[in-house]
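Below, chains carry the letters A, B, ... as their sequence lines are ordered, and counting in each starts from 1.
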There are 2 protein chains.
Amino acid sequence: MSEDVRIMVGENVRRLRLAAGISQAKLAERMGVDRAYISGLEKGERNPTVVTVWHLSKALGVKMRTFFEEKDKKGR
Amino acid sequence: MSEDVRIMVGENVRRLRLAAGISQAKLAERMGVDRAYISGLEKGERNPTVVTVWHLSKALGVKMRTFFEEKDKKGR
């Protein structure tokens, strides 16, 4: 279902942000967006465009494809 | 530059569509969109959302991350 992809991307944004050791506010500042946008994104409530995902990849210093990694069935 | 990501995604859509051996019209039909949308997407003129990329991945039977593979510097 397409909602699942929003949740998957949101979980990856959160995982990568925590790995980068920065807060939602810091990520929002780097991207020039509101903290509430990042919060909604991580909860799977947003449907970002590829350009937004590109900005996320620059802000977190990761490749774009990392936002689309699917947890294997055991949830790792 | 963010335009580059639109071009990169468009080139990957085209590469994966041709690998699947289907026309733009056939891909558009599978996704329930207009052929002109697919044409513009492949030319890097669109800024699709992650849900649209999800529909593309289902229509072409590929993983979402394949749309974000960057050609290495030698253009392969």
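Summarising the geometry, atom CH2 belonging to Trp54(A) is positioned 7.5 Å from atom CG belonging to Asp4(B); distances are rounded to the nearest 0.5 Å.
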Full working for salt bridge (charged side-chain N to carboxylate O under 4.0 Å, His left out) between Lys63(B) and Glu70(A): CA-CA 9 Å; Lys63(B) 294 272 185 197; Glu70(A) 295 156 46; 3.6 Å; yes
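In this structure, the portions of Val50(A) lying under 4.5 Å from any heavy atom of chain B include both its backbone and its side chain.
Of the listed residues (Met64(A), Arg6(A), His55(A)), the greatest number of heavy-atom pairs within a distance under 4.5 Å of chain B belongs to Met64(A).
With sequence neighbours left out, the salt bridge (Lys or Arg N to Asp or Glu O under 4.0 Å) criterion links Arg14(B) to Glu42(B).
Counting heavy atoms of neighbouring residues, nucleotides and ligands inside a 6.0 Å radius, atom CZ of Arg65(A) does not exceed 12 of them.
Using a distance-only test at 3.5 Å, with no hydrogens or angles considered, a donor-acceptor pair links the side chain of Asn47(A) to the main chain of Val51(B).
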